[in-house]
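Below is one structure, written out as C-alpha cells, with a few remarks after it.
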Amino acid sequence: MSATKSPLAALTLGAIGVVYGDIGTSVLYTIKEVFGAGHVPFTHSNVYGVLSLVFWTLTIIVSLKYVTLVLRADNNGEGGLVAMLALALQSIKDKAPVLRKWILPIGVFGTCLFYGDGVITPSITVLSAVEGLGVVSPGFLKAVIPLTLLILFLLFWLQKRGTAGIGRFFGPVMVLWFIAIAALGVYHIAGHPKILTALSPHHALRFILQQPGIAFIILGAVILCVTGAEALYADMGHFGKKPIRVAWFSIVMPALTLNYFGQGALLLAEPTAVKNPFFMMAPNWATLPLITLATAAAVIASQALISGAYSVTKQVIQLGYLPRLQIRHTSTKETGQIYMPFVNWSLFVMIALAVVLFRSSSNLAAAYGIAVTLDMMITTVLTFFVIRYGWGYPLALCIAAMGFFFAVDLSFFSSNLLKLTQGGWFPLLIGGGVFLLMTTWKEGRALLAQRLSEVSIDLKSFLESVFINPPTRVPGTAVFLTAQPGIVPNALMHNLKHNKVLHEQNLFVTVRNHEVPWIGMSGRLKVDALGRDCWQVIVNYGFKNDFDLPKALSLLTGRGVDLNPMTTSYFLSRDIVTPTLDSSMSLWREKLFAQMHHSASAAAEFLNLPSNAVVELGSKVEI
C-alpha cells in the first residue's frame, strides 16, 4: 500500500485496522490488572491517580515518543526496530564507528524480544476477550481455555490462505470497536463527569508522591495500556506517517481515554466491578454482542502481530541472522503479504503453551511487560544515535530529550522486573533463545566463509589457466552462485571435473544484502567483464526487497550478455557442514549451526529460480 496512491481516509482506515488493534484491545485488561492485584487501596483519590497515570503514560510514550518523534525516523519510508537499527548504523558509520560493535547486538536483541512479545500479546488479548463469558455466567469459565485455543488455532490455520480477503474488514471492525468502547465510556462518565478532572497530571503526581512504593509496583500493570505501541513504527511503511498520526489523535486516543475514564467512573459507583470492569460496563443485553466484538478485535490485533512476525523474520534472514526459511506469497498484488509455515506454527505452539501454562489473562499480565519495556528502551537508545549523528541535533538537546524518555522507560522496566519470577521469565526465555539462534547462525556463517576462503582459488587466475587448454563449450548460459566475488565456485570445479564442459556464457553471481530497506532496479546489478564471455555479477538487495534472481539478471540484456531464460542453467553449491573441535565456537553451537544449515530452505526456492533449470552440487566443509 502506498501513501502516494491511496487517499488519506483509506490509509487512515487501514491504519486503524492493522496498527491499532493491539493497543485498542488493551482496555480489556489494563484497569482490571491495576486494581485486581490488590496493591492499590480502593479510594476515590487512588482511582483518580491511576486514571491520570494511564492517561499520561499514553500521552508520553505513544503521543510524544512514538507518534511525534520516532515516526520521524523513517528509513526510506520504512519503520520498525530492524529499520531503526539500520538507520542508527548508517548514522554512526563515519562519525562513531567504534559504537557499531555495541549497537548491532543491542538492536538484534531488541528484535529477538519482539518474538517474546509476539507470544504473550495474542495469548492475553484473545484470552481476556473470551473471559468475558464469565460475566455472563460463571459456568462458562470452563470453556474459556478450550475456546481460546480453538480461536487461535483457526487463526493460524487460516494464515496460509492469506489476509487479502479478510483484511478489508479489519478497518471497519476496529472503527466499530473504538466507537463501542467510546460510547461505553461516555455512558458511565455522564454519571460521574467529575472523573474527567483526572486528565490533570497533578493527580498522577500526587499519587506517586503520597504512595511511591505502590506507584512503582503498579507501573508493571499500567504499562499494559501501551501494548502495541511498537506497531505504530513497524507499520509505517504500509501506511505512512500522516495516516497513523491522524488515526491516533482523531479516533484511537480519544476512544481509549473515554473508555478508561468510564471504567474509573464505574468503579467509583460499583467497586465490585473490579473483577472485570470492561465487560461490566455494558448493560446485560449488550454483554454477549460486546464479547463477540471484543473477540473479533482480539483476533485482528493478533493477526497484525502474526503478519509482523513474518515481515520481521524475512528482514532478519536478509540481514544474515537466520537461515533461509520457506516464504509463500499469498497475494499477487501485494508483495508484502507473505506466509512462512515454520514461523506460523512455531508461534502457534508457543502461544498455545502460554495459554495452557498461565491459564488466565491476569497470570499472563504478570508475564507481559519486561520484553516490551526492554524493547522500548532499545528503541530510545537507537533513536538517540539517529537524532544525534543522523540528524545532527545538539548533544545537550539529544541527551535531554532521549534522557527523559529513557528515564520513563527505565521506570516501567524496573517495575516489571518485580514480575520476573511470576512469568516475566517466559518472554525473556523466548527472546534469549531466538538471540542464541541468530548469533549462532551469524558466527557460523562467518566461520564457514573463513574455511571456504582458506581453500579458495582466485577466479581470474583460474579462468586464465582453464583457457590455456579450453574445455568444450556448450550452448547456453551457466549461472554459478558464489558467496564471495572473485572466488571459484565449488559448483564450477565439480562441473569441469565431472562434465568436462563450459557453457558459451558464464555468470559468476554473488547476492549481497544491505542494511537499507530498499534498493531499486537501477542499483540492483554491478557487472565486471572477465573476458571470453564470462562476467562477475553482484546482485544487491535491501532487507525489504523480494528476492528474484532471474528478474534481476534480466537487466543484463543490452549490457553485452544475451540471456535466454530457456537456455540458462543455475549451478548451486550445497555445502554439508561437519563440526570439529578445532574451532572458535563451542562444539554444541557448531552442531546447532550445522543443523540450522542443513534445515535451511533451498537457495533455489529462496531466490525464485526455475525448478527445472537448477543443478545442485554438494561438498563437505569442516568448521
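The analysis underlying the following values was restricted to heavy atoms, covering all of them including side chains, and did not include hydrogens, waters or symmetry mates. Owing to the predicted nature of the structure, the values given are computational and were not obtained by experimental measurement.
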Thr111 side chain reached by Phe435 side chain, heavy atoms, under 4.5 Å: no
Lys32 bridged to Glu131 by N-O distance under 4.0 Å: yes
Residue pair Phe413 / Val372, side-chain heavy-atom distance below 4.5 Å: no
Asn344 and Tyr310 side chains, donor-acceptor separation under 3.5 Å: yes
Over all atoms of both residues, closest heavy-atom pair of Phe239 and Ile244: CB-CG1, 4.3 Å
Side chains of Ile300 and Phe169 in contact at under 4.5 Å (non-hydrogen atoms): no
Considering all heavy atoms, the nearest Pro277-Ile31 contact: CG-CG2, 4.2 Å
Under 3.5 Å donor-acceptor, Tyr20 side chain and Ala229 backbone: no
Ile23 vs Leu58 side-chain heavy atoms within contact, under 4.5 Å: yes
Short side-chain to backbone donor-acceptor contact, Thr197 and Lys194, under 3.5 Å: yes
Side chain Thr25, main chain Thr125, donor-acceptor under 3.5 Å: no
Nearest heavy atoms of Ala282 and Thr287, plus distance in Å: O-OG1, 4.2 Å
Side chains of His192 and His188 in contact at under 4.5 Å (non-hydrogen atoms): no
Side-chain heavy atoms of Phe385 within contact of Ser91, under 4.5 Å: no
Expected output: side-chain Asn259 to main-chain Ala182 donor-acceptor under 3.5 Å: no
Contact check, side chains of Leu155 and Ile151, non-hydrogen atoms, under 4.5 Å: no
Closest non-hydrogen atom pair between Val226 and Thr57, with its separation: CG1-CG2, 3.9 Å
Aromatic ring pairing Phe384/Tyr389, orientation class (parallel under 30°, perpendicular over 60°, tilted between): perpendicular
Minimum heavy-atom distance between Ala247 and Ile16, given as atom pair plus value: CB-CG1, 3.7 Å
More than 12 heavy atoms of other groups within 6.0 Å of Tyr187 OH: no
Side chain proximity check, Ser360 to Asn363, heavy atoms < 4.5 angstrom: yes
Heavy-atom donor-acceptor pair, Arg359 side chain to Ile145 backbone, under 3.5 Å: no
Distance flag, aromatic centroids of Phe35 and Phe42, threshold under 6.0 Å: yes
Distance-only side-chain donor-acceptor flag, Tyr368 / Ser361, under 3.5 Å: no
For the student: nearest non-hydrogen atoms of Tyr66 and Leu232, plus distance: CB-CD1, 3.7 Å
Working for ring-ring contact (aromatic ring centres under 6.0 Å, His included), residues Phe207 and Tyr48: CA-CA 9 Å; Phe207 181 81; Tyr48 279 69; over 10 Å; no
Pair Thr12-Lys242, side-chain donor/acceptor within less than 3.5 Å: no
